[in-house]
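This report refers to the structure that appears directly beneath it.
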Amino acid sequence: EYGAGFIALGELYTQANEVAPAAEAYANAAPFYPDDHDVQLLAGQSLQAAERYEEATSVLLRASELDESSYRAYFHLGACLNELARFSEARRALEEAVRLRPDLAEAARELARAATELGDERMALDAYERAIELDPDYALGHLAIGRLREKAGDDRKAADAYEQAVQLDPEDTSLRA
């Protein structure tokens with residue numbers, strides 16, 4: 001069967017770290033398995049890795065419809081939507097990912113990005129704080145918290161967050177005020 005052949009080809013390319021051909025193979029496999037969540041998710045993740053976000057979005061949306069408990073489908077869908085600057089849609093997908101998997105720091109990070117872009121500073125701050133709770137070494141998260149705290153007029157907490165960011169990554173000059 002062609003679909004299985006495309007999946008096998010995608011696996012070979014993935015093992016060889018050939019992102020673009022793997023994405024193409026998995027994208028070709030997806031139509032053969034329109035009701036298979038795992039194939040749709042695999043195709044979507046591969047397309048995302050190849051930065052083919054529009055295509056990935058439609059496949060990942062299908063994966064999320066096939067399995068509404070798939071935090072991975074919602075997470076990758078939200079990340080792709082962020083890349084496409086479709087922040088309202090990204091926020092909805094990422095809120096679902098966080099609801100399904102509250103211990104996933106990457107989902108909290110992506111949610112914080114969407115909330116920031118939408119101007120929802122309270123949600124952004126909450127999401128960045130959650131991301132840091134899950135991954136205390138997330139220097140850019142500390143930086144973002146510092147900016148949000150400074151904007152809110154909380155200079156002491158802003159300074160603490162900036163200091164933490166610099167301590168975590170002293171070589172990154174972008175973390176300095």
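These numbers come from the heavy atoms of this one structure, side chains and all, not from hydrogens, waters or symmetry mates.
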Answer whether the closest heavy-atom distance between the side chains of [X] and [Y] falls below 4.5 Å.
X: L60; Y: L47; result: no
X: V39; Y: F32; result: no
X: M123; Y: R91; result: yes
X: D36; Y: L66; result: no
X: L100; Y: Y74; result: yes

How far does [atom1] of [X] sit from [atom2] of [Y], to the nearest 0.5 angstrom?
X: T14; Y: L42; atom1: OG1; atom2: CG; result: 7.0 Å
X: Y138; Y: D169; atom1: OH; atom2: CG; result: 12.5 Å
X: L148; Y: T116; atom1: CG; atom2: OG1; result: 5.5 Å
X: L111; Y: E95; atom1: CG; atom2: CD; result: 6.0 Å
X: D154; Y: D160; atom1: CG; atom2: CG; result: 9.0 Å
X: E133; Y: D126; atom1: CD; atom2: CG; result: 11.0 Å

Does the distance from a Lys or Arg side-chain N to an Asp or Glu carboxylate O, for [X] and [Y], drop under 4.0 Å?
X: R99; Y: E96; value: yes
X: D155; Y: R149; value: no
X: E117; Y: R86; value: no
X: E55; Y: R52; value: yes

- Message: Does E65 have more than 12 heavy atoms from other residues, nucleotides or ligands lying within 6.0 Å of its CD?
- Response: yes
- Item | Crowding at CZ, F87 (>12 non-hydrogen neighbours, <6.0 Å) | yes
For [X] and [Y], indicate whether the former's side chain and the latter's backbone hold a donor-acceptor pair under 3.5 Å.
X: N28; Y: E24; value: yes
X: R130; Y: P102; value: yes
X: D137; Y: L168; value: no
X: H76; Y: T57; value: no

- Going by distance alone, is a donor N or O of one side chain under 3.5 Å from an acceptor N or O of the other, for Y33 and E1? yes
- Under 3.5 Å side-chain donor-acceptor pair for Q15 and E11: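 Checked: Q15/E11 side chains show no N/O donor-acceptor pair below 3.5 Å.
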Closest non-hydrogen atom pair, [X] against [Y]:
X: A124; Y: A115; result: N-CB, 3.6 Å
X: R62; Y: P34; result: NE-O, 3.0 Å
X: I132; Y: G141; result: CD1-C, 3.4 Å
X: S88; Y: L118; result: OG-CD2, 3.5 Å
X: I7; Y: A29; result: CG1-CB, 3.6 Å
X: A90; Y: A114; result: CB-CB, 4.2 Å

Is there a chain of hydrophobic side chains (I, L, V, M, F, W, Y, each step under 4.5 Å between heavy atoms) that links [X] to [Y]?
X: Y162; Y: L125; result: yes
X: L77; Y: L41; result: yes
X: I145; Y: L143; result: yes

- Message: Between Q40 and Y26, does the side-chain hydrogen bond (donor to acceptor under 3.5 Å, both in side chains) criterion hold? Intermediate values first, please.
- Response: CA-CA 9 Å; Q40 300 299 311; Y26 288 128; over 6 Å; no
- Kindly write out the residues that satisfy side-chain contact (heavy atoms from CB on, under 4.5 Å) with R101, not counting sequence neighbours, or none if the list is empty.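 If we apply the side-chain contact (heavy atoms from CB on, under 4.5 Å) test to R101, skipping adjacent residues, the hits are Y71, D103, L104.
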- Task: Output the rest of the hydrophobic cluster of Y53: all Ile, Leu, Val, Met, Phe, Trp and Tyr residues reachable through side-chain heavy-atom contacts under 4.5 Å, sorted by chain and number.
- Result: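 Besides Y53, the cluster holds L84.
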- Query: Among S70, S64, S69, which one satisfies side-chain hydrogen bond (donor to acceptor under 3.5 Å, both in side chains) with H37?
  - Reply: S70
- Message: One pair to check against side chain to side chain contact (heavy atoms under 4.5 Å, CB included): H142 and R147. What are the steps and the verdict?
- Response: CA-CA 9 Å; H142 288 280; R147 288 180 178 150; over 6 Å; no
- Assess whether salt bridge (Lys or Arg N to Asp or Glu O under 4.0 Å) is satisfied between E150 and R156, documenting all intermediate values. CA-CA 8 Å; E150 186 175 12; R156 182 67 242 145; over 6 Å; no
- salt bridge (Lys or Arg N to Asp or Glu O under 4.0 Å) partners of D135, counting only residues at least two apart: R109
